[in-house]
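Right, one structure below, let's go through it.
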Amino acid sequence: MAVPKRKMSRSNTRSRRAQWKTTAVATVACPQCKSPKLPHTACSVCGTYNGRQVIEV
């Protein structure tokens, strides 16, 4: 198992952690009701996916 030989300095630790960024959730408009939804999933508002009704809402 790899073990660090030396303690990482405070500035190196903080600069490494500075690269952890969050990204906004990608949404697309539903072609039926135009509400935002996750891509490649059924719409939770109208229940359609790929132009057909898949969920009874």
Side-chain angles (χ1 to χ4, degrees):
M1 187 168 147
V3 178
K5 188 165 273 200
R6 302 255 179 220
K7 180 178 179 178
M8 186 171 276
S9 69
R10 196 178 281 168
S11 64
N12 281 350
T13 302
R14 289 177 179 164
S15 66
R16 185 189 72 241
R17 288 179 182 160
Q19 301 303 317
W20 284 57
K21 296 177 180 68
T22 59
T23 57
V25 176
T27 58
V28 295
C30 175
Q32 300 289 329
C33 64
K34 307 295 188 242
S35 65
K37 69 175 191 75
L38 293 173
H40 306 288
T41 57
C43 180
S44 60
V45 177
C46 63
T48 59
Y49 180 73
N50 202 14
R52 59 192 173 94
Q53 190 76 24
V54 292
I55 300 172
E56 294 296 323
V57 180

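Remember, it's a predicted structure, so these values are computed and weren't measured experimentally.
Separation of atoms CD (Gln32) and OG1 (Thr48) is listed at 4.5 Å; rounding is to 0.5 Å. Atom SG of Cys46 and atom NZ of Lys37 lie 8.5 Å apart (nearest 0.5 Å).
Within 6.0 Å of CZ in Arg16 there are more than 12 heavy atoms belonging to other residues, nucleotides or ligands. Atom NZ of Lys5 is surrounded by 12 or fewer heavy atoms from other residues, nucleotides or ligands within 6.0 Å.
Note on Tyr49 and Ile55: same hydrophobic cluster, where clusters join Ile, Leu, Val, Met, Phe, Trp and Tyr whose side-chain heavy atoms are under 4.5 Å apart, directly or indirectly.
Taking all atoms of both residues into account, the shortest heavy-atom contact from Ala26 to Pro39 is O-CD, 3.3 Å.
Under the rule for a side-chain contact (heavy atoms from CB on, under 4.5 Å), the partners of Ser9 that lie at least two apart in sequence or sit in another chain are Ser11, Asn12. With sequence neighbours excluded, the residues satisfying side-chain contact (heavy atoms from CB on, under 4.5 Å) with Thr27 are Val25, Pro36. By the side-chain contact (heavy atoms from CB on, under 4.5 Å) test, Arg52 is found to be paired with Val54, residues two or more places apart in sequence or in another chain being considered.
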